Amino acid sequence: MLWLDGQPLSIALRESFLVWSAIEASHIMTLMLFVGTIIMVDLRLLGVLFKNTPISAIEKRLLPLTMIGFAALVITGLILFYAKPLTYYNNMYFRLKLIVIALAMINIMVFHFRVQHSQGSWDDQPKPPLSARVIAFISISSWLLVVILGRLIAYGDWFHCATVDEGTLLYFFSDCPQLGGH
Amino acid sequence: MLFEFLFNFAGSADFMSDNIQPLFQAIDQGPAASFVKEAWYFTPMAGCIHLIALSFLGGAIIMSDLRVVGPGVQATSPAELNRKMSPFLIAAVIGLIFSGILLGLGEVMRIYNSPPFWLKMAGLFSAIVFTFTTRDSVIKNGGKFTVVALVGLAVSMLVFWWTWIELTDWRFAARQSYLILIFLLIGMFTAPMYVPSSISEPVRKLPRMVSLPVMLLVVILLVSGAFLLARIDYQYFHELDLNAMGLGAYFHPSILAMMLVSYIAGVVSWIGIGATDHQPMGMRFVSLMSMFLWFSVAIAGRWIAFW
């Protein structure tokens, strides 16, 4: 991380006035696309929205957009991380965000490999079965949590290494010992 | 009267310092601002609500407007989809305004002195007026512009473009050129749908075959361009003497961005002209403009942190 932080392009990126803020704004825009569309798919799976539209019709039209949004979100996120690796690596909320993203991805895999097999039998039902609704609830909750944790990264000073007691869970998550704090 | 007010509001520093600044100072010294500044949890909490509201807003706008443009959920008519998304949109806008006020109370004088804040306010006003008058009316009436739609269009466009140009001498418009880039991606993504079904299958598939590699190429160029521009931008602020650069000054990111805007606007127009989608051109125009306005509000909001 220290090596990455010292790379000329990393320094140029975080010190630039125009590009850094442009990438941050792009990250927010792609978040609107990704989270916005996945919420709508999840609301259909919960049986709240578009009750008379088959789920496959919603998925077929929206999931490509969701995937484009996710790809752009990952690209802009990687660039942001590359620009400030130490800041993010040391940030507790960033680490929690990665964990929640991993859980959300596992949730997607569970839906794809377990629940979706029987979709043909409940595709046009206004209220899908409980398993699909639970998956949708976990999905919507975890992505909103990702948004919240992403926003809290900016307020990382809440748990500044200097203010956290050694040996506590927060101390561990903030990786204070390895890098000597922020 | 309104015209004069808008002119003064957007262009006159005296008008701002005489009328608006005292109001902001009073708010800054008031009990609400003091409470927000002292309560450490308030700003992060409001920030989270703001971002969640923005996500819902994105969902509602994308669902309604992309349906009209092309790649949305076609099982529902545009008018019905727009009606279904309205409660989400209204709730998101209320959430944005409420959390935005809380965020603003924590740094009243900083946002007063921030150009992107005023751009965001102009954008927000324009987006609300445009969405709830022009867009709703045009979609409801199948592409026809009623008097309400035309008045909404005139007011929103006047406020949006005048404020943005007047406040920033085009600089901000240039810097958000990448927004236009995203519209190019939308254009490319939707281009295959514009080809009439009467054209033979291989030809019909051609735009998709072309557009997907082009989209990948654009993403690669976007990423490498970001690094290149960062390098130039960094050097510009730290090392380079533009006067000594001569022609090299044209590589300043803002100028590059302006060139990019012109190029991309041309390509998007070209895609639009060839469009034979099922929805009338008027509906597609208001939907694209609606997305543009709301995403501009989001970008301006992010820029407040930097400028």
Side-chain angles (χ1 to χ4, degrees), chain A residues 8-41 43-44 49-50 52-54 57-62 64-65 68-69 71-72 75-76 78-79 82-83 143-144 147-152 154-155 158, chain B residues 40-41 43-44 47-48 50-52 54-63 66-67 71-76 81 84-85 88 175-179 182 185 189 215 219 222-223 225-227 229-238 253-254 257 294-295 298-303 305-307:
Chain A
L9 272 179
S10 174
I11 296 169
L13 208 55
R14 67 171 169 266
E15 301 252 330
S16 67
F17 174 63
L18 301 168
V19 181
W20 166 258
S21 42
I23 292 170
E24 268 226 335
S26 302
H27 199 61
I28 298 293
M29 278 200 304
T30 48
L31 177 116
M32 287 169 75
L33 174 64
F34 170 67
V35 181
T37 50
I38 209 161
I39 283 173
M40 295 303 160
V41 175
L43 286 176
R44 172 62 186 97
L49 211 59
F50 307 117
N52 299 322
T53 308
I58 305 268
E59 284 173 346
K60 191 182 167 191
R61 306 297 295 185
L62 282 189
L65 294 171
I68 288 174
I75 290 169
T76 50
L78 284 174
I79 296 174
Y82 175 75
W143 289 119
L144 289 180
V147 172
I148 290 170
L149 290 169
R151 186 68 207 118
L152 290 178
Y155 306 103
W158 275 9
Chain B
W40 58 273
Y41 52 86
T43 304
C48 292
H50 208 64
L51 218 50
I52 287 172
L54 208 58
S55 303
F56 274 92
L57 179 94
I61 288 293
I62 286 164
M63 285 291 285
L66 279 192
R67 166 69 185 90
V73 179
Q74 291 187 335
T76 315
L81 195 59
K84 281 182 177 170
M85 287 296 112
F88 289 95
R175 283 169 189 167
Q176 55 136 216
S177 61
Y178 60 97
L179 178 62
I182 285 161
L185 290 177
F189 187 70
M215 273 175 66
V219 169
L222 188 68
V223 173
F227 284 108
L229 286 179
R231 194 89 180 133
I232 296 168
D233 188 19
Y234 174 65
Q235 286 181 344
Y236 167 66
F237 279 105
H238 291 87
S254 290
W294 284 113
F295 277 91
I299 292 172
R302 195 65 210 113
W303 270 76
F306 303 105
W307 188 6

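Excluded from the calculations below are hydrogen atoms, water molecules and symmetry mates; all remaining heavy atoms, backbone and side chain alike, are included. These figures come from a predicted structure and were not determined experimentally. Throughout, protein chains are lettered first and strands after them, A, B, ... in sequence-line order, and every chain is numbered starting at 1.
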B/Phe88 vs A/Ile39 side-chain heavy atoms within contact, under 4.5 Å: no
Could you tell me if the side chain of A/Ile28 sits less than 4.5 Å from the side chain of B/Leu51, heavy atoms only? yes
Under 4.5 Å heavy-atom distance to chain A, tell me which part of B/Ile52 shows up: side chain, backbone, both or neither. both
What pairs with A/Phe34 under ring-ring contact (aromatic ring centres under 6.0 Å, His included), at least two apart in sequence or on another chain? A/Phe70, A/Trp143
Listed partners of A/Lys60 passing salt bridge (charged side-chain N to carboxylate O under 4.0 Å, His left out), at least two apart: none
Distance, nearest 0.5 Å, that separates CZ of B/Phe56 from CE of A/Met32: 13.0 Å
Closest-packed option against chain B by number of heavy-atom pairs under 4.5 Å, given A/Val147, A/Val35, A/Thr53: A/Val147
Side chain to side chain contact (heavy atoms under 4.5 Å, CB included) test vs B/Ser55 passes for just one of A/Leu33, A/Ile38, A/Leu31, namely A/Leu31
Looking at B/Met63, B/His50, B/Lys84, which one has more heavy-atom pairs under 4.5 Å with chain A than the rest? B/Met63
Quick one: which of B/Ile62, B/Leu81, B/Leu57 has the most heavy-atom pairs under 4.5 Å with chain A, could you say? B/Ile62
